[in-house]
Amino acid sequence: MKVAVRDADALLSLPPREVAAYLRGRGWNETNHLGAKGSVWTLRTEDHDECELLLPLDRSLRDFKVRMSEVLTTLEEVEQRSQLEILQDLSMVAGDLVRIRLDRLDARNGTIPLDAGVRLIESVRDLMAAAACAAVAPKPYYQARRPAQVVEYMQKVRLGQTQQGSYVVNVLSRVPPEVAVGQMQLPFAGPPEDPYERKVTTTLASGLAVARGAVESYSSIADVQRIVAHGVSSNLCEALAAIGRDESVQEIDISFAWATTRPLSRSVPHSLVFPSDTIPVIGEFGRVLRSTAPQEDVEVAGVVTRLERQGEQDEGTATIFGTVDGAPRKVRVYLQGADHARAIEAYRDRVPVTCVGDLVKDGQSFVLRNPRGFMLAGDAEG
């Protein structure tokens with residue numbers, strides 16, 4: 001059954017530039033430009049028939065809605081698809097589309113249990129946030145505090161309409177269109193860097209691909225940690241595991257459709273499949289990455305029980321015995337200059353100290369990296 005789109009707001013919301021990008025991406029050619037009012041596009045089909053349509057360019061024209069409706073009618077006839085499907089694709093021309101499809105035993109007529117749907121949307125949100133964080137700086141684990149760039153991005157990314165096909169969630173990440181630099185580009189400068197929005201979706205695609213490949217080849221914690229550089233984090237793994245945690249999930253298919261207005265600058269996967277038996281392994285990746293990731297901005301308070309240095313150099317490692325998150329710990333910290341001198345004083349006089357840094361578990365012990373604010377008790381008051 002054919003359904004013609006007549007909604008005025010839907011027709012007015014179609015940006016002519018993005019419709020033109022859609023046409024160009026499907027083999028249409030602009031053959032005539034009618035000033036600022038419109039342009040004529042033609043397409044030669046496989047049957048050697050020539051189709052033609054008039055694309056309105058000015059929303060203020062009285063017949064803009066009528067002309068845009070005619071565009072949809074022509075595309076419906078040429079593509080043999082409904083106008084609603086075409087309208088949905090047109091709305092995504094300027095964005096990267098991430099499509100997550102669940103093959104569930106309990107999916108009926110494109111529906112799933114309400115609680116499962118809520119958990120799915122939350123997990124998809126966490127999946128996108130993990131990729132957004134990795135696009136800023138790859139890390140094994142991201143704590144609750146997110147960079148401002150990630151917070152801003154997550155406010156802009158859109159949740160599209162769900163689809164049948166077991167159960168499908170669409171996420172739209174709008175991407176700035178590519179602008180030809182022409183003669184402005186400097187020689188040997190290389191291709192322009194992708195905008196952040198595109199980095200998020202390509203990082204998501206590459207990270208998921210590496211995680212999927214690691215399921216078949218991992219053998220140690222070191223192997224798991226090496227995948228972090230490719231955008232894999234505990235957050236990404238745990239979000240994906242949460243999507244497929246229900247026993248009714250047989251498979252997760254994740255596919256990408258890239259914005260027509262910005263071609264890909266590097267090769268990334270367009271689709272990935274995660275059978276149910278891979279989900280527990282990826283969940284374990286997440287647990288390992290979280291357990292071995294540095295805890296950022298941790299304050300260690302205690303007494304210096306050991307000093308290690310070579311010769312008379314004003315640097316070395318101090319072992320602090322104290323409390324970390326309410327538990328007794330021995331923490332090694334490498335200090336230089338004035339901080340090292342304070343550590344010697346604290347060790348000699350048995351004065352308690354405090355220091356802030358990134359706490360990392362190293363075997364059975366702990367190491368405080370990037371130490372800062374090393375102080376002796378009483379320094380703050382002085």
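Computed from heavy atoms alone, side chains included, the values below leave out hydrogens, waters and symmetry copies.
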Assess whether atom [atom1] of [X] is packed by more than 12 heavy atoms of other residues, nucleotides or ligands within 6.0 Å.
X: R17; atom1: CZ; answer: no
X: E152; atom1: CD; answer: no
X: R372; atom1: CZ; answer: yes
X: E247; atom1: CD; answer: no

| Partner set under salt bridge (charged side-chain N to carboxylate O under 4.0 Å, His left out) for R329, not counting sequence neighbours | none
| request: Not counting sequence neighbours, which residues clear salt bridge (charged side-chain N to carboxylate O under 4.0 Å, His left out) with D246? List them please. | output: R104, R119
| request: Report yes or no: does S69 contribute a side-chain atom to a donor-acceptor pair with the main-chain N or O of K65 at less than 3.5 Å? | output: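 No; zero donor-acceptor contacts below 3.5 Å.
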Between atom [atom1] of [X] and atom [atom2] of [Y], what is the distance when rounded to the nearest 0.5 Å?
X: R174; Y: K156; atom1: CZ; atom2: NZ; value: 11.0 Å
X: T201; Y: L172; atom1: OG1; atom2: CG; value: 10.5 Å
X: I100; Y: I243; atom1: CD1; atom2: CD1; value: 6.0 Å
X: R332; Y: R369; atom1: CZ; atom2: CZ; value: 11.0 Å
X: K139; Y: S233; atom1: NZ; atom2: OG; value: 11.0 Å
X: L159; Y: I121; atom1: CG; atom2: CD1; value: 5.0 Å

Closest heavy-atom contact between [X] and [Y]?
X: T45; Y: C51; result: CG2-SG, 3.7 Å
X: P371; Y: V333; result: CB-CG2, 3.5 Å
X: A36; Y: L57; result: O-CB, 3.5 Å
X: L289; Y: V228; result: CD2-CG2, 3.7 Å
X: S206; Y: R266; result: OG-NH2, 3.9 Å
X: L335; Y: F374; result: CD1-CE1, 3.7 Å

| said: Does R290 form a salt bridge (charged side-chain N to carboxylate O under 4.0 Å, His left out) with E238? I'd like the steps, not just the answer. | reply: CA-CA 10 Å; R290 180 190 286 262; E238 291 176 350; 2.7 Å; yes
| task | Indicate whether any N or O donor in one side chain lies under 3.5 Å from an N or O acceptor in the other, for N29 and T31. | result | no
| said: Testing D96, V268, L208 one by one against F256 for a side-chain contact (heavy atoms from CB on, under 4.5 Å), which residue passes? | reply: L208
| So is R287 actually on top of F285's ring, under 6.0 Å and inside 45° of the axis? | no
| query | Does NZ or CZ of R146 come closer than 6.0 Å to the centre of the six-membered ring of Y142, within 45° of the ring's axis? | reply |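 No.
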